[in-house]
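All remarks here apply to the structure that follows.
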Amino acid sequence: MGGTSPKDMYLILYNAACCGGWAYVLSLGLPSVLLTLASDPFNLPSALSEVYSAGDGMLAEVLYYVQTAALLEIVHAAVGFVRSPVVITALQVGSRIAALFAIAHSPASQVQFGAGLMILSWASVEVPRYLFYVSAIVTGDATKKTPYPLFWLRYSLFAVLYPTGITGELTVFLSAAKDSAFLNLYGEGYASLMYYFIMSFPVIYAPGALPMIFNMAGNRRSAFKKRFARPPPPPRGIVFPVSSTKNGKDVRSSTPVGKSILSAAIGAVDSTKASMVTKERNWRFGYVKHIIGMVESQCASADAALKVAQAGLDKAYDVFEFVNEDGSKVSMREAMSQPSAKKFHTGFIQGEAPKQKNILEVPYKDGKLSGQALKDQVKKWVDYGTIEPSAGDAILGCVDNPDWVDLSDRYFVLLGAGSAMGPFLVLMALGANVVAIDLDRPGIWKRLIDVARKSSGTITFPLSAEQSALKNDDELYGAAGCNLFTQTPQIRDWLLELYPGKSFTVGSYAYLDGALHVQVSLAMDAITRDLSEKRKGTSLVYLCTPTDLHLVPKEAHDAAEREYKDYSKRLYCIVMNLLSRGKCLRKNARKPVPGEGGDYYMINGVSVAQGPNYILAKRLQHWRAIVARSKGCHVSSNIAPATSTVSVVSNRTFAWAYEGMPYFRPYEIFAPDSSKAVMLAMLLRDLNDPTSSANPATELNNPNQLFSYGSFHGGTWRCAYEVDSIGEASVLIYFGRVAAPYLGVAAAAGAAIAAKVLGYV
């Protein structure tokens with residue numbers, strides 16, 4: 001405990017005090033029920049109705065204080081003491097405060113069975129919950145080091161106690177709505193207002209209860225999966241360097257590495273900003289301002305932009321380690337400086353389908369768009385602001401130039417061929433020659449090879465044995481694939497020697513969560529760097545995310561300004577901004593940054609929740625893109641829209657936010673198939689149109705303007721508010737829409753009652 005921070009000490013004391021308070025409530029309420037049942041075993045409702053008055057009123061008094069103390073949990077989330085969504089926490093705590101207010105001022109609600117059901121359900125959930133939090137802070141690991149019985153209770157009791165607690169709360173609300181003492185609490189003139197106030201909660205509960213329970217079920221699955229996950233294997237391949245030791249084991253933290261790389265990058269042009277990065281204490285939530293500062297420094301000149309990028313890449317190759325099979329380790333730079341001693345064999349499958357027509361088709365909603373229908377939809381997207389005009393021009397170019405869609409003589413190297421956002425399926429359907437790099441897992445290769453066989457294209461892939469020696473498909477699937485982390489030099493060597501004389505288009509599509517994303521991005525960078533510099537005719541492809549920091553056209557900036565003037569006057573937006581003290585609904589359009597070549601306009605699309613590892617991984621790709629382009633390489637790096645991939649919508653909060661985001665014009669969330677098709681269209685334009693920004697001969701005032709063109713951002717650039725500030729508001733909009741039918745029924749019922757009372761019927 002000697003090393004416990006003041007914040008952690010406070011949280012320990014807070015959670016322990018709340019645990020003690022709820023335990024006291026339980027110690028009074030449970031014996032009261034058991035005592036009544038002892039004399040009348042079959043009268044549970046009567047036993048529950050006496051809980052609120054247990055302990056001669058002491059239970060009610062402690063209940064009032066301990067539940068009111070939960071308001072501090074909203075504060076904890078707001079100031080960053082805990083990693084909980086502020087709005088969701090406020091809704092959960094607020095509903096309980098409303099129930100507490102009702103039961104405290106409604107004698108009728110205190111003596112019905114639901115009161116006891118609610119109180120005992122609350123207490124039975126909160127005692128293990130707060131005790132779990134104490135244990136998590138003390139042990140430093142909520143997943144694996146908390147005692148298993150406590151862990152099980154924390155993630156299992158909700159299945160019974162949430163439904164019982166919600167049932168109890170509903171009975172309290174309904175009883176209070178019929179209790180004249182409650183309705184006339186502030187005078188008879190306010191009785192109707194009190195009625196509609198308290199009846200609004202059952203209306204809200206109807207659509208909100210099940211999603212909350214399902215969310216907890218998802219949290220339970222995730223927690224148990226982490227708890228019983230196998231211990232990680234010994235470090236192999238690309239790894240973070242050892243930053244410290246804990247319990248005799250090496251700790252490889254991503255934080256010092258991320259800070260050192262960003263500091264080195266910024267330090268190439270601004271030592272003061274570099275020092276600020278090094279001194280940043282709250283890296284997890286404070287990294288965004290340093291990313292903004294870095295991009296602002298890059299705006300000074302083309303030379304500054306390239307210096308930052310090269311310095312960041314150099315530092316990454318120096319700090320990351322590569323652990324060989326025998327356990328020896330070298331720097332990433334040294335690992336890639338020499339050829340691999342091992343070699344892959346080459347697998348090849350020719351598709352069996354006839355060649356398709358050279359037509360670009362974009363799956364959209366319930367159909368497929370092509371020709372004039374696709375042109376019409378592109379115009380709608382551009383006019384609405386969902387995509388930039390340059391992105392629209394790229395798609396129209398593919399429609400008007402069907403020869404661009406003839407891929408029979410093109411070779412695409414897909415690093416992460418099976419990625420959810422990769423173009424594998426679209427390329428195979430168009431008859432392309434795909435060189436597929438993905439993990440050595442039979443299931444992956446069965447899927448990829450099956451798709452290839454049914455297409456008019458070809459697939460080439462690394463094998464651990466000669467294809468001719470493999471007896472059947474199962475052996476083929478088992479021998480296919482590789483590991484970007486551990487076989488990076490070997491993959492690079494294989495690709496350098498593959499298909500001499502053919503031009504490769506190399507796409508970096510592999511994605512992993514957390515720190516692994518940085519590692520896989522560095523692996524892909526090592527391969528793309530050497531291919532672009534050592535293999536003539538190589539072009540690079542990156543799939544940029546809208547949740548990043550980009551230079552944008554002035555037109556996009558001006559559109560965001562116009563949207564802000566509209567939305568900032570809307571009551572909902574004003575209230576959300578005020579209640580969050582400016583954290584929600586932050587203005588999207590930023591002041592221009594002066595630099596060589598004029599003013600530069602920037603949109604901060606970074607989502608803090610994605611974390612510094614995510615942004616570092618994407619920044620490595622940005623840096624390589626502009627450095628490679630400066631050396632004469634063709635680089636296609638377009639912005640993809642927010643897409644409802646499985647990895648995103650499996651997080652219920654993100655899924656709810658996606659449902660509500662279209663309220664903020666001009667947002668639209670796209671299905672994966674739609675996103676992949678439009679991104680391929682923009683890639684094909686980059687490969688075929690010499691005027692594209694992907695062409696190094698096309699002049700840009702600043703290298704980072706590479707990302708300003710061909711943006712299918714889905715609305716992020718032209719929205720009134722920063723994307724990271726609309727999440728909570730979007731979730732509330734979603735639940736408001738779900739509740740709309742219930743609110744309509746309630747309004748109709750209220751109107752009928754009012755008409756009756758006023759004598760109109």
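A quick note: this is a predicted structure, and the numbers were derived from the prediction, not measured.
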**Message:** I'd like to know if the side chain of Arg492 reaches the main chain of Met336, judged simply by a donor and an acceptor atom lying under 3.5 Å from each other, with no hydrogens or angles considered.
**Reply:** yes

**Request:** Indicate whether any N or O donor in one side chain lies under 3.5 Å from an N or O acceptor in the other, for Ser243 and Ser253.
**Result:** no

**Prompt:** With distance as the sole criterion, is a donor-acceptor pair present between the side chains of Lys618 and Gln621 under 3.5 Å?
**Reply:** yes

**Asked** So Lys375 and Asp400, salt bridge (Lys or Arg N to Asp or Glu O under 4.0 Å) or not? Walk me through it.
**Response** CA-CA 10 Å; Lys375 286 186 172 184; Asp400 293 335; 2.7 Å; yes

**Asked** Just by modelled atom types, is the Ser708 backbone N or O under 3.5 Å from a matching donor or acceptor in the Ser711 side chain?
**Response** no

**Request:** For Tyr511 and Asp513, test the side chains for any donor-to-acceptor distance below 3.5 angstrom and give the result as yes or no.
**Result:** yes

**Request:** Keeping the roles fixed (side chain from Asn483, backbone from Thr486), state whether a donor-acceptor pair exists under 3.5 Å.
**Result:** yes

**Met428: which of Pro423, Ser456, Ser455 passes side-chain contact (heavy atoms from CB on, under 4.5 Å)** = Ser455

**Request:** Might you work through the side-chain contact (heavy atoms from CB on, under 4.5 Å) test for Leu415 and Thr528, ending with a clear yes or no?
**Result:** CA-CA 9 Å; Leu415 304 178; Thr528 55; 4.0 Å; yes

**Request:** Determine the interplanar angle of the Phe670 and Trp381 rings, folded into 0 to 90°, and report it as parallel if under 30°, tilted if 30 to 60°, perpendicular if over 60°.
**Result:** perpendicular

**Fill in**
Rounded to the nearest 0.5 angstrom, the CD-CG distance for Glu361 and Asp673 is 12.0 Å

**Message:** Assess, by modelled atom type and distance only, whether the side chains of Glu321 and Ser331 contain a donor and an acceptor separated by less than 3.5 Å.
**Reply:** no

**Request:** Answer whether the closest heavy-atom distance between the side chains of Arg629 and Leu700 falls below 4.5 Å.
**Result:** yes

**Flag, side chain of Thr716 to backbone of Gly714, donor-acceptor distance under 3.5 Å** = no

**Prompt:** So, are Arg453 and Asp473 salt-bridged, with charged N and O less than 4.0 Å apart?
**Reply:** yes

**Request:** Take Ile615 and Tyr287 through the test side-chain contact (heavy atoms from CB on, under 4.5 Å) and record every step on the way to the result.
**Result:** CA-CA 9 Å; Ile615 205 67; Tyr287 69 95; 3.6 Å; yes

**Asked** Passes salt bridge (Lys or Arg N to Asp or Glu O under 4.0 Å), Lys446 versus Asp474? Steps please.
**Response** CA-CA 8 Å; Lys446 182 181 187 306; Asp474 287 339; over 6 Å; no

**Prompt:** Distance from Lys502 atom NZ to Lys536 atom NZ, nearest 0.5 Å?
**Reply:** 14.5 Å

What side-chain donor-acceptor pairs closer than 3.5 Å can you find for residues 459-466, not counting sequence neighbours?
{"residue": "Thr460", "atom": "OG1", "partner": "Tyr499", "partner atom": "OH", "Å": "2.7"}
{"residue": "Ser464", "atom": "OG", "partner": "Ala479", "partner atom": "O", "Å": "3.4"}
{"residue": "Glu466", "atom": "OE2", "partner": "His345", "partner atom": "ND1", "Å": "3.4"}

**Fill in**
In this structure, CD of Glu668 is separated from CD1 of Ile387 (nearest 0.5 Å) by 10.0 Å

**Request:** Start with the C-alpha distance between Ile639 and Thr545, add both sets of side-chain angles, then the distance that settles side-chain contact (heavy atoms from CB on, under 4.5 Å), and finish with yes or no.
**Result:** CA-CA 6 Å; Ile639 317 296; Thr545 172; over 6 Å; no

**Request:** Looking only at non-hydrogen atoms, find the nearest pair between Gly481 and Trp445 and report the distance.
**Result:** CA-NE1, 3.3 Å

**Prompt:** Would Ser254 and Asn613 count as having a side-chain donor-acceptor pair, cut-off 3.5 Å?
**Reply:** yes

**Message:** Could you check whether any side-chain heavy atom of Lys355 comes within less than 4.5 Å of a side-chain heavy atom of Asp406, counting everything from C-beta outward?
**Reply:** yes

**Asked** Between Tyr509 and Phe424, is the gap from one ring center to the other below 6.0 Å?
**Response** no

**Prompt:** If every non-hydrogen atom of Leu484 is compared with every non-hydrogen atom of Ala523, which pair is closest and at what distance?
**Reply:** O-CB, 3.4 Å

**Prompt:** Which one of Gln487, Glu325, Gln490 satisfies the side-chain hydrogen bond (donor to acceptor under 3.5 Å, both in side chains) criterion with Lys342?
**Reply:** Glu325

**Request:** Would you name the heavy atoms of Leu498 and Phe504 that are closest together and state the gap between them?
**Result:** O-CZ, 3.6 Å

**Message:** Between Asp318 and Lys315, does any side-chain N to carboxylate O distance fall below 4.0 Å?
**Reply:** no

**Request:** Give a yes-or-no answer on whether the side chains of Thr505 and Ser539 include a donor-acceptor pair shorter than 3.5 Å.
**Result:** yes

**Minimum heavy-atom distance Asp686-His634, with the two atoms named** = O-NE2, 3.0 Å

**Asked** Of all residues at least two apart in sequence or in a different chain, which pass the side chain to side chain contact (heavy atoms under 4.5 Å, CB included) check with Asp440?
**Response** none

**Greater than 12 external heavy atoms within 6.0 Å of Phe214's CZ** = no

**Asked** When you measure from the side chain of Asn358 to the backbone N and O of Asp403, does any donor-acceptor pair fall under 3.5 Å?
**Response** no

**Prompt:** Is the number of heavy atoms from other residues, nucleotides or ligands under 6.0 Å of Lys343 NZ greater than 12?
**Reply:** yes

**Asked** Between Leu549 and Ile291, what is the shortest heavy-atom contact and its length?
**Response** CD2-O, 3.7 Å

**Message:** Tell me whether Asp326 at atom CG has more than 12 heavy atoms from other residues, nucleotides or ligands lying less than 6.0 Å away.
**Reply:** yes

**Asked** Which is it for Gln467 and Ile349 under the side-chain contact (heavy atoms from CB on, under 4.5 Å) test, yes or no, and what are the steps along the way?
**Response** CA-CA 10 Å; Gln467 186 171 358; Ile349 297 292; 4.0 Å; yes

**Request:** Indicate yes or no for a side-chain donor-acceptor contact from Asp438 to the backbone of Gly418 under 3.5 Å, with no hydrogens or angles considered.
**Result:** yes

**Prompt:** Do the non-hydrogen side-chain atoms of Pro489 and Gln338 ever get within less than 4.5 Å of each other?
**Reply:** no

**Prompt:** Would you say the side-chain atoms of Trp494 and Thr346 include a donor-acceptor pair closer than 3.5 Å?
**Reply:** yes

**Asked** Does Asp525 reach the main-chain N or O of Ser521 with its side chain, forming a donor-acceptor pair under 3.5 Å?
**Response** no

**Contact check, side chains of Met421 and Ser675, non-hydrogen atoms, under 4.5 Å** = yes

**Complete:** dist Cys633:SG -> Glu533:CD (nearest 0.5 Å) comes out at 9.0 Å

**Prompt:** So does Lys454 have more than 12 non-hydrogen atoms from other groups sitting under 6.0 Å from NZ?
**Reply:** no

**Message:** Testing the basics here: between Trp623 and Gly312, what is the closest heavy-atom pair and its distance to 0.1 Å?
**Reply:** CZ3-CA, 3.5 Å

**Asked** Do the side-chain N and O atoms of Asp493 and Ser340 include a donor-acceptor pair separated by under 3.5 angstrom?
**Response** no

**Request:** Starting at CZ of Arg227, measure out to CZ of Arg220 and round the result to the nearest 0.5 Å.
**Result:** 12.0 Å

**Asked** Any side-chain heavy atom of Ile491 within less than 4.5 Å of one from Phe344?
**Response** yes

**Flag, side chain of Ser390 to backbone of Gly710, donor-acceptor distance under 3.5 Å** = yes

**Message:** Within the supplied structure, the quantity of interest is the number of heavy atoms (other residues, nucleotides, ligands) at a distance under 6.0 Å from Lys226 NZ; does it exceed 12?
**Reply:** no

**Prompt:** Nearest 0.5 Å, what's the CE-CG distance between Met682 and Asp689?
**Reply:** 14.0 Å

**Asked** Is there a donor-acceptor contact under 3.5 Å from the side chain of Lys307 to the main chain of Ala268?
**Response** no

**Check: Leu531 main-chain N/O paired with Thr538 side-chain donor or acceptor under 3.5 Å** = yes

